[in-house]
Amino acid sequence: MRTFQPRRILLSVAAPVLALLVAFVITSLILWAVGDPVAEVWKTLLGAPRPRQVVNIVNSASVLYLSAIAVAVGFRMNLFNIGVDGQYRVAAFAGALFAGQAWLPGPLNVLLTLVVAMVAGGLWASIAAWLKVRRGVSEVISTIMLNAIATGLVQWLLLKVSSQEKGSNAIGTKLIPESSRLDGFALIPNASNRVYTLVLLAILVGVAYWFVLGKTRFGFDLRATGRSESAAVASGVKVPRMVMTAMIASGALAGLVGMPLLFGQDYQYGTTFQAGLGFAGIGIALLGRNNAIGIAFASLLWAYLDQQSNGLQIRAGVAPELVNIIQGVILFAVVIAYELIRRADLRLEQNRVARELAAQSPSTPATQGASA
Amino acid sequence: MSAAGLEVGTQPVTTPRTGRQRFTPAQWAMVVAGAIAVVSLLRIVTGAEDIDSSGALSAAVGLAVPIALAGLGGLWSERAGVVNIGLEGMMILGTWFGAFFAIHAGAWMGIVGAIVGGVLGGLIHAVATVIFGVDHIVSGVALNIIGLGAAKYLAARFFSGLKGGGPTQSPPLPNLPTITIPGLSDALGTIEKKQWFFVSDVASVLRALCTDVSVLTILAVLLFIGTYWVLWRTAFGLRLRSCGESPVAAETLGVNVIRYKFLAVLISGGLAGLGGGYLSLVAANIYRDGQTGGRGFIGLAAMIFGNWRPGGLLAGSGLFGYTDALQLRGGGETVHAFLLLFAIILLAIGVWQIVKRHNPVQGGIAIVVGVLTGLWYALTETVPAELTGMTPYVTTLLVLAFASQRLRMPAADGQVYRKGEAS
Amino acid sequence: ACGDSGGTSSGGGSTSSAGAKKTIKVGMAYDVGGRGDQSFNDSAAAGLDKAKSELGVEVKEAAAVNGENEAAREERLQQLVDAGYTHIVAVGFAYAKSVGKAAKDNPDAHFAIVDDASADSKGPNVDQITFAENEGSFIVGAAAALKSKAGNIGFVGGVNTPLIKKFEAGYVAGAKAVNKDIKIQIKYLTQPPDFSGFADPAKGKTAAEGMYQSGADVVYHAAGGSGGGVFTAAKAANAMAIGVDSDQALTAPADVKDVIITSMIKKVDVGVFDFIKSATEGKELSGNKVYDLKSGGVDYSTTGGKIDDIKAKLDDYKKQIIDGKITVPTTP
Amino acid sequence: MCVIASSTQSPAAAGVGDLAVELEGITKRFPGVVANKDIAFSVRRGTVHAIVGENGAGKSTLMKILYGVQRPDEGSIKVNGQPVNLHTPADAIRAGIGMVFQHFMLADNLTILENVVLGAESMHGIGNAAREEIRRISDDYGLDVDADALVADLGVGARQRVEILKVLYRGAKILILDEPTAVLVPQEVDELFDNLRELKKEGLTVLFISHKLDEVLKVADSITVIRRGTTIDTVDPSSVNARQLAELMVGSELPSPSTEESTVTDRPVLRVSGLSLQGTEGRPLLDDISFTIHAGEVLGIAGVEGNGQAELVEVIMGMREPTSGQVVLEDTDISDWDVREIREAGVAYIPEDRQRHGLLLEAPLWENRILGHQTEAPNVRGPLINASGARADTERIVREYDVRTPSVYVTAASLSGGNQQKLIVGREMSHDPKVLVAAHPTRGVDVGAQASIWDLMRHARAKGLAVLLISADLEELIGLSDTIQVILRGRLTGPFDPDTVTSEELGAAMTGAAADTASTTDRPATGRPTGDTSHEGDHR
Ligand SMILES: Nc1ncnc2c1ncn2[C@@H]1O[C@H](COP(=O)(O)OP(=O)(O)OP(=O)(O)O)[C@@H](O)[C@H]1O
Ligand SMILES: Nc1ncnc2c1ncn2[C@@H]1O[C@H](COP(=O)(O)OP(=O)(O)OP(=O)(O)O)[C@@H](O)[C@H]1O
Ligand SMILES: [Mg+2]
Ligand SMILES: [Mg+2]
């Protein structure tokens with residue numbers, strides 16, 4: 001591949017490290033200014049997680065990863081799918097409803113539920129896609145509206161199908177049969193809990209994302225559209241169709257977001273099913289720079305912070321939402337660091353090009369201006 | 001990735017440039033009168049009295065103002081070429097700072113506080129996007145995360161000890177005055193009660209405008225007028241808009257683009273913060289976590305809906321506030337009445353598509369949906385409670401689906417600008 | 001995580017050495033909103049405060065974060081256990097599964113859960129504290145109907161959940177018991193998972209305003225923090241409102257106190273306190289205890305004297321419910 | 001912001017012959033490039049001073065320095081004898097300097113009035129007084145603009161005049177015009193020159209940049225030649241001819257686009273018949289266009305920008321559906337095929353705006369080699385991208401087409417314009433095309449690269465390629481084409497024989513002056529404002 005450039009690699013590692021440091025300093029300053037116990041907070045946040053918490057981190061990272069990948073698919077072609085949140089809730093509901101019927105035996109039920117969820121998520125996203133392609137409605141608005149609409153619609157349907165357990169105040173779809181529940185892996189020694197089986201799904205999706213976007217014709221077309229819509233059109237990409245496809249793909253992937261939760265933890269869709277994963281996904285996709293590996297690191301970091309923040313109130317007496325400030329600051333710091341490095345890199349590259357050209361053909365008539 | 005987004009090739013190479021003609025005031029009056037007449041008719045046919053009661057309308061105003069202020073914030077920044085998806089975060093900061101200032105310095109200072117809070121958010125966005133050239137969407141998303149976290153964190157830290165306060169809410173805030181024109185308000189109320197066609201409806205509109213109007217609402221109206229005047233009638237506004245249309249051209253004419261963009265984003269933050277302040281100071285009289293409930297995003301949508309112009313934005317937020325008020329107040333019955341209107345509009349559009357536009361597919365779809373909506377109206381008494389909450393969102397989507405192809409954003413909106421790149 | 005695993009439990013609650021006063025450490029996990037929400041969580045906090053001052057127990061508090069998942073709730077309980085707290089109170093039905101799991105994982109710790117009596121949270125070391133909100137709501141429903149001159153009353157629910165529907169059911173039944181033809185306007189502010197309906201006074205105000213303007217003169221809210229908006233609307237309309245959870249005529253801001261004619265009191269504090277007190281006395285509670293009208297776990301308030309005139313009638317309904325002559329429905 | 005309407009010395013007081021601008025030792029370095037190196041020359045007041053040089057010689061950079069857009073690393077500038085320190089354009093404007101940029105600097109969605117008063121609001125406000133002043137200047141100099149028209153609605157000529165108006169409005173005494181004639185037809189160039197002479201008479205000083213040496217010789221009082229960032233000489237136009245000037249510029253002879261002998265066969269390859277395209281309103285964008293291109297033939301299309309060239313290309317390439325008419329490739333009707341099918345069938349495409357339509361600027365060269373041929377070997381293997389195949393083939397293109405780049409892994413953005421264009425030409429020629437649709441293939445490309453692109457086209461033509469050539473460079477059209485058509489308001493007029501036709505005749509046909517002498521102000525403006533399109537592509 002590209003000639004090995006230690007400086008370049010150093011720079012791209014330096015960026016996130018620098019960003020984390022900056023986030024550390026800024027957060028400390030805020031804590032100090034407000035009068036909260038700085039040391040206590042960092043002891044809680046940076047303390048080594050227990051095995052159980054490691055499992056939690058991995059689990060929640062896998063869910064966040066799916067969400068971020070769903071967002072990233074859109075981002076790679078300049079589509080802003082703010083609607084992952086609604087899409088995964090619609091899909092999780094549909095999936096849970098289907099799985100609860102237990103029409104199929106164990107694992108088959110799981111597999112088909114995944115398909116159902118993807119279809120549901122994709123269909124829901126297709127509304128925004130259609131509105132964009134056929135009616136020119138910005139996907140930013142339509143997906144925001146569709147998130148709210150999903151809330152009402154799912155609740156309405158949920159009330160129609162819900163089974164309320166005796167003595168419970170929660171409602172939910174029918175529990176999925178024991179045979180279809182996924183016990184998870186005892187990956188982390190000494191942990192009382194298990195890593196979701198569907199961590200595998202996240203890995204699979206990550207690999208597929210990397211492969212399809214990086215290695216296939218379709219992926220090339222998608223990225224080309226994101227880089228320059230006009231050039232993509234001229235090269236034969238049908239942008240409206242691409243928008244439909246990418247948006248629906250993004251929605252279908254969003255459909256998978258709830259699946260590890262469904263099969264590994266909740267076993268039904270109900271009032272206490274986790275919400276807001278789509279918005280976290282946006283932050284993580286941006287932090288991971290829409291790159292399969294980058295997003296993996298970003299979601300682990302995000303999940304780590306989320307997990308560690310749980311103890312903030314108990315151990316440091318500080319509101320756990322502090323972690324949102326840290327996450328936001330990291331996001332800022334990382335993008336600014338990358339931006340600065342990108343500029344430096346561009347400069348380096350132009351210098352290099354000019355230098356090498358000068359070396360190549362010292363005698364050709366100047367078409368480049370004077371060489372340095 | 002650039003914040004400008006995909007165009008999907010929907011824009012033809014030749015931009016259709018028909019509608020430069022503006023409505024005259026007389027034409028506007030006709031439109032408004034027509035709308036009132038339609039609603040009046042609908043009220044009489046369906047018996048849904050709340051459809052334009054002065055109460056519903058003033059509730060609509062109350063719900064529209066924070067959205068409109070957030071949208072106005074968006075307008076300022078996007079007119080200067082900076083996409084502002086961080087409005088929600090700025091608004092959240094406004095709610096907290098407004099409350100904090102109001103508690104410690106009184107209601108009027110609460111307004112200042114809300115603006116300060118929003119400006120802080122704007123400052124972060126401005127530094128990131130204008131100075132460091134960060135992608136506008138990334139910065140906005142990060143700002144939303146920070147705004148949410150900061151308000152909750154600060155609330156837990158500063159409101160917990162106070163009487164009536166807690167980690168997630170402030171104590172009750174001092175009131176800002178409201179204004180009612182006493183005699184007029186009552187007189188109009190009497191006419192409104194008569195339920196005459198058109199006359200009562202006009203009365204209720206007027207009554208909503210002169211009864212219990214918060215000073216902050218009046219301030220918001222002034223800000224709209226001021227925004228229009230500043231942006232479209234002054235040199236400052238021209239320069240600011242030129243930064244959103246063609247920053248390089250502005251630069252070559254000696255406009256300090258960075259300064260204007262920076263300032264625009266700060267103002268944007270202040271306005272969004274004020275929108276947040278409206279929620280804590282006026283609408284609720286209390287700060288609560290999660291109080292904005294996504295209104296910043298709705299404001300952004302209203303601004304796009306309004307074609308990046310104050311008038312359109314006002315219409316967008318008004319539509320949203322109105323439908324939200326209807327569903328919150330009347331719920332099922334009023335929304336049910338609107339089904340009839342939807343059905344008729346859809347049928348009309350369908351016929352128009354087929355006859356005038358020779359577009360049988362779209363026309364057919366419109367007619368089928370129209371008939372189905374009509375049936376829904378005829379066969380039911382009310383709309384299920386779970387669904388009425390969707391009314392404002394569905395309405396916005398529908399209106400956009402029919403009208404959004406005419407929208408045009410500032411030409412350089414969302415593009416990262418760096419100095420000295422004129423060629 | 002749920003379903004009981006055979007007959008291993010042997011009603012362990014009363015096995016502990018009885019008699020001697022024990023000092024215990026109590027960890028409290030609130031629902032979203034936490035202490036200071038002037039409502040449900042605060043009521044639980046009041047029980048904790050009482051236990052702290054009267055029984056001298058050591059306490060630690062933590063609150064849920066909006067939109068968190070099951071694992072986060074489990075983790076919160078577990079962290080409290082890890083930090084050495086022996087008695088954990090989980091406030092809110094969202095904790096049902098996590099309490100069930102944490103109780104199984106930590107058989108030496110004791111748990112209480114408020115608002116859930118399902119199999120999910122059941123265990124030998126779990127005290128399930130639930131309330132007959134429908135019964136309390138019945139009484140205030142009757143009060144509303146009796147006080148209403150217009151024959152038109154309202155109900156504002158925060159979020160459309162079965163628990164809040166229980167309030168609605170009792171309220172409607174109570175009102176109808178007084179006046180069969182009474183008009184009742186009902187509105188839920190948001191749908192789950194959008195729980196902002198418990199935190200959006202602006203919405204509460206708009207909804208209540210609508211009700212008052214279309215003829216209602218009493219509105220009952222079960223909308224947590226949004227209830228403040230209901231009171232504001234009542235004040236502006238010069239009408240009446242009914243509070244919820246605690247005696248809101250005591251806790252609400254001064255300028256709206258006088259519109260609150262009564263409140264449906266749900267004594268979460270009593271439930272919490274009972275759990276702790278009993279533990280310090282060496283008797284660990286387990287199983288489901290329903291706090292109803294009969295046990296005084298739900299009640300109505302009379303602060304301000306606005307319903308003194310109808311108190312006799314209300315007490316009569318109360319007696320009929322306690323005696324089982326009236327069965328109050330739990331769903332609308 | 002105060003802009004001095006008339007400078008302190010009136011033209012009469014400071015007579016013709018004083019020095020308006022003196023540049024001394026100007027040096028400007030960019031990463032890897034020294035754009036200006038020790039430049040020195042001076043400009044007499046009340047003269048038209050031309051600056052010539054190859055692409056990338058450093059002309060624009062120098063002018064941007066003089067206008068305060070960029071700071072020199074070294075050197076000093078004097079204006080009217082006073083040393084000045086120009087930090088921003090505002091400083092330059094204050095010193096009485098105005099500049100019309102190579103790419104128009106106009107905000108499309110603002111009116112002419114708004115574009116003109118922007119930055120100079122303190123002079124006459126932004127209302128009626130300003131409108132009045134614009135009318136006055138417009139009348140004085142015969143600029144003929146309507147202050148309230150939207151810039152988006154203007155053709156290139158009118159945009160050019162708005163740019164000049166902007167400068168005059170500020171009372172500039174020194175005008176810099178960077179390649180103002182590049183997009184104008186000969187008649188418009190003459191009008192512009194009349195304007196310049198008018199300005200000169202008023203005592204204004206004009207700095208004029210152009211590649212077109214005959215124009216320069218026609219209008220300039222003095223000519224400075226810049227090569228490789230440094231001043232070679234300042235000459236008197238009466239003492240040199242175009243050939244000598246060119247040799248000064250490049251240090252060698254001018255290449256010519258002429259073709260040797262005809263290679264036209266009688267095998268039709270591309271037939272277009274009755275092609276029409278209805279716009280969203282009013283007049284059709286394309287109106288009943290018919291032509292046939294045979295194997296080995298180059299059909300040149302001349303026209304003022306915005307007369308339907310872009311639409312014609314888009315229809316042929318399948319980016320737009322024609323309202324009626326047919327496009328037939330050999331014997332197949334391809335009118336309703338999509339872009340990809342058409343490209344697969346052997347139609348190669350060199351787009352007008354390479355940065356927007358031909359390249360992914362932030363992608364490496366080898367990925368750019370795939371663009372447009374995503375379904376063809378060696379770029380792909382089945383549904384997968386064949387990265388190694390594409391890279392190897394990119395290396396070949398770089399070699400064969402003399403693309404100056406250190407490797408195929410650098411981004412397209414880091415190549416110069418000419419080299420970007422050579423990469424595109426190489427890519428398009430690599431799939432044995434039957435037809436080449438080339439829009440402005442040498443626009444903005446320096447002489448060396450231009451010559452090699454011409455060579456490539458001649459070579460391909462000899463092998464039986466049918467070429468549709470669209471160009472604004474009439475020399476190029478006349479030199480390369482076998483037949484020339486002129487497109488005006490969506491209709492073809494012609495054909496013209498390149499062996500006999502002159503630039504002036506073509507220019508007359510292009511403006512419709514042959515048929516009617518109507519002014520060119522209200523030419524159809526089919527979008528594509530020349531102003532900032534190329535800039536959008538340059539989003540780095
Ligand atoms: N902002 C910049 N950054 C880096 N290099 C630049 C920049 N601007 C110009 N250059 C380089 O400086 C040299 C001179 O460019 P300039 O634009 O002045 O040339 P020019 O003579 O105007 O050419 P043309 O005839 O193409 O307009 C070129 O090599 C160009 O690549
Ligand atoms: N605004 C700019 N910012 C950064 N780099 C620039 C800029 N403009 C030009 N360059 C760099 O300057 C170099 C040459 O670009 P440019 O197209 O101006 O060259 P040129 O000399 O005109 O080439 P050609 O003669 O082949 O058209 C490239 O490396 C390009 O990346
Ligand atoms: Mg160039
Ligand atoms: Mg130049």
Side-chain angles (χ1 to χ4, degrees), chain A residues 1-5 8 78 211-242 339 342-361 363-372, chain D residues 29-35 37 54-58 227-230 250-252 317-319 338-343 349 351 353 356-363 367 370-375 380 383-385 387 404-407 409-411 413-416 418 446-449 537 540:
Chain A
M1 290 285 292
R2 219 166 234 225
T3 43
F4 178 71
Q5 290 171 297
R8 189 183 274 259
N78 256 346
F211 181 78
V212 171
L213 263 79
K215 303 287 165 196
T216 67
R217 247 160 62 182
F218 170 79
F220 184 91
D221 284 355
L222 189 143
R223 284 182 296 126
T225 314
R227 280 175 158 149
S228 166
E229 188 188 350
S230 49
V233 171
S235 82
V237 177
K238 288 184 195 152
V239 174
R241 180 185 290 180
M242 211 65 203
E339 171 67 19
R342 195 188 65 83
R343 285 187 205 174
D345 201 52
L346 194 73
R347 211 158 245 268
L348 285 179
E349 173 136 329
Q350 278 176 359
N351 275 331
R352 199 164 57 84
V353 171
R355 219 175 24 247
E356 290 177 24
L357 284 176
Q360 239 174 46
S361 53
S363 57
T364 28
T367 51
Q368 295 296 321
S371 301
Chain D
R29 297 182 200 89
F30 287 118
V33 178
V34 181
K37 190 165 62 189
E54 288 185 89
N55 284 132
R227 191 194 325 155
R228 302 178 67 180
T230 189
V250 287
S252 66
M317 291 309 302
M319 284 178 253
D338 62 45
V339 183
R340 183 149 294 168
E341 290 166 323
I342 291 173
R343 296 188 75 134
Y349 177 37
D353 182 341
R356 266 168 66 81
H357 296 108
L359 293 171
L360 302 174
L361 286 174
E362 277 162 70
E367 286 195 23
I370 299 176
L371 191 72
H373 303 275
Q374 289 102 310
T375 53
V380 291
L384 300 187
I385 295 284
R404 312 263 169 89
T405 174
S407 82
Y409 299 108
V410 301
T411 58
S414 46
L415 295 195
S416 79
D446 75 68
V447 246
R540 276 166 293 133

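Chain identifiers are assigned alphabetically (A, B, ...) following the order of the sequence lines, protein sequences preceding nucleic acid strands; residue numbering begins at 1 within each chain. Just so you know, these numbers use all the heavy atoms, side chains as well, and skip hydrogens, waters and symmetry mates.
If you measure heavy-atom distances from D:Pro351 to chain A, you find no contacts under 4.5 Å at all. Both the backbone and the side chain of D:Ala363 come within less than 4.5 Å of a heavy atom in chain A. Heavy atoms of A:Val212 lying under 4.5 Å from chain D are absent altogether.
Within the 4.5 Å cutoff, no side-chain heavy atoms of D:His357 are placed close to those of D:Met317.
The main-chain N or O of D:Leu359 is never found under 3.5 Å from a side-chain atom of A:Arg227 such that the two would form a donor-acceptor pair.
A salt bridge links D:Arg340 and A:Asp221; the closest N-O separation between the charged side-chain nitrogens and carboxylate oxygens is under 4.0 Å.
A distance of 10.5 Å separates CD in D:Glu367 from CD in D:Gln374, rounded to the nearest 0.5 Å.
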